[in-house]
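In what follows, a structure is listed as structure tokens, so that the remarks can point back to it.
A quick note: this is a predicted structure, and the numbers were derived from the prediction, not measured. Within every chain, numbering begins at 1; the chains are lettered A, B, ... in the order of the sequence lines, protein sequences first and strands thereafter.
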There are 2 protein chains.
Amino acid sequence: MIQNASFDIQDFLPYLLALSAEETSLGFQRLYKDKYGMLRTEWRLLFHLGRYGDMTAKDVCDRARLHKTKVSRAVTALEAKQFIKRTEVPSDRRHALLGLTRHGLKAYEDLSQAAQSYDARLMQEFSPEEQKTLKDYLKRVARL
Amino acid sequence: MIQNASFDIQDFLPYLLALSAEETSLGFQRLYKDKYGMLRTEWRLLFHLGRYGDMTAKDVCDRARLHKTKVSRAVTALEAKQFIKRTEVPSDRRHALLGLTRHGLKAYEDLSQAAQSYDARLMQEFSPEEQKTLKDYLKRVARL
DNA sequence: TCTTGTTAGTTACATTTTCAACTAATACCA
DNA sequence: TGGTATTAGTTGAAAATGTAACTAACAAGA
């Protein structure tokens with residue numbers, strides 16, 4: 001059925017990454033979406049605060065590679081859901097420090113655990129060496 | 001600055017894939033978006049028709065793993081831009097065969113070439129063996 | 001041939017994302 | 001001190017996506 005052998009889209013890295021990302025994100029989405037009513041950006045924000053501690057929205061933008069409007073809306077949403085709180089910084093009232101509430105911490109711990117299991121499930125088809133290789137390569141591609 | 005060492009989001013496969021996909025798709029997006037005014041789904045449709053020959057929208061859904069509404073809209077858009085034409089199948093008037101116009105074929109050839117160069121550029125940091133390994137692993141993750 | 005079920009594709013609507021413009025606070029510098 | 005430039009974050013409108021309901025054509029059995 002192959003017509004033009006010039007270049008196969010199935011070997012195009014951005015396409016392979018897009019398909020893989022779609023394939024793997026759907027399963028995890030159910031966890032944070034159905035259970036906590038979160039959006040992808042909200043989950044990322046939660047994880048960054050949980051893992052790396054309090055930081056400003058700007059820090060989240062840089063670390064999580066998210067646009068400021070996305071972060072701004074995620075902050076509003078997670079604040080409304082009582083997962084995070086913001087504390088104004090008196091020395092520079094332009095930004096506010098974001099941190100998890102007790103409730104947010106619980107959600108983070110639960111989702112973090114779930115992510116770990118889900119990751120293990122996804123990776124079970126790969127040997128430990130392969131797992132390390134795959135993730136190392138992806139970090140290089142993502143410039144992490 | 002690390003607070004909770006339980007599980008690092010940077011090692012979570014869906015997250016790594018999402019970042020890598022975003023990182024690599026942006027560069028290519030400029031090509032099909034700015035030059036041809038195409039959307040991601042439209043580019044995928046074009047590539048599938050160019051590479052694998054004429055097929056119905058349903059075939060595209062299955063092969064390209066796209067939802068039928070996305071494909072339906074991409075078909076309408078690419079038809080309006082004169083990149084593809086549809087031919088009704090008399091034996092079953094429910095579906096129509098999609099194929100590239102001369103204009104669409106030129107766009108496909110151009111973009112296919114651009115994709116190849118872009119892919120090479122992305123992969124140049126990897127040795128030939130590493131390139132093969134990375135893509136093989138991704139195909140396994142994506143269940144291709 | 002009716003009627004029930006399935007399939008291909010479209011349309012409508014709600015949700016998300018993106019983009020650009022905006023406000024408010026601070027920094028820099030003549 | 002005053003004026004301009006930056007920076008953090010918000011808001012609104014437009015574009016894109018996802019979901020579900022819909023139409024039209026065909027299939028298959030009573």
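- A salt bridge links A:Asp62 with A:Lys58: at least one charged nitrogen is closer than 4.0 Å to a carboxylate oxygen.
- Counting heavy atoms from C-beta on, the side chains of B:Leu13 and A:Ser20 never come closer than 4.5 Å.
- Under a 3.5 Å cut-off, the side chain of B:Lys33 and the backbone N or O of B:Met38 do not form any donor-acceptor pair.
- Following rounding to the nearest Å, B:Gln29 (CD) and C:dT18 (P) show an atom-to-atom distance of 9 Å.
- Residues B:Phe7 and A:Gln113 form no side-chain contact, since every pair of their non-hydrogen atoms from C-beta on lies 4.5 Å or further apart.
- Side-chain contact of B:His103 with B:Thr101: a donor-acceptor pair under 3.5 Å is absent, judged by distance alone.
- Using a 4.0 Å cut-off between a side-chain N of Lys or Arg and a carboxylate O of Asp or Glu, A:Lys135 and A:Asp119 qualify as a salt bridge.
- For A:Lys70 and D:dG12, the NZ to P distance is 20 Å, given to the nearest whole Å.
- Side-chain N/O atoms of A:Ser72 include one lying less than 4.0 angstrom from OP1 or OP2 on D:dT10.
- For the pair B:Asp62 CG and C:dG9 P, the interatomic distance rounds to 10 Å; values are reported in whole Å.
- Between the side chain of A:Arg73 and the base of D:dG12 there is at least one donor-acceptor pair of N/O atoms closer than 3.5 Å.
- Rounded to an integer number of Å, the gap from A:Arg44 CZ to C:dT16 C1' is 14 Å.
- Between the CZ atom of A:Arg40 and the C1' atom of D:dA16 there is a distance of 14 Å, rounded to whole Å.
- A residue-by-residue look at A:Lys33 and A:Thr76 shows that A:Thr76 has its nearest nucleotide of DNA chain D further toward the 5' end.
- Counting to the nearest Å, the C1' atom of D:dT10 and the CG atom of A:Leu66 are 17 Å from each other.
- The distance between atom CG of B:Leu45 and atom P of D:dT17, rounded to the nearest whole Å, is 13 Å.
- A salt bridge is absent between A:Glu88 and A:Arg93; no separation between the charged side-chain nitrogens and carboxylate oxygens falls under 4.0 Å.
- If you measure from atom NE2 of B:His95 to atom P of C:dT6, you get 18 Å, rounded to the nearest angstrom.
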Contact string for nucleotides 20-26 of chain C, one letter per nucleotide 5' to 3', B = base within protein heavy-atom range under 4.0 Å, S = sugar-phosphate only, - = neither, reads B----BS
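- In this model, the phosphate group of C:dT10 is approached by a side-chain N or O of B:Arg86 to a distance below 4.0 Å at OP1 or OP2.
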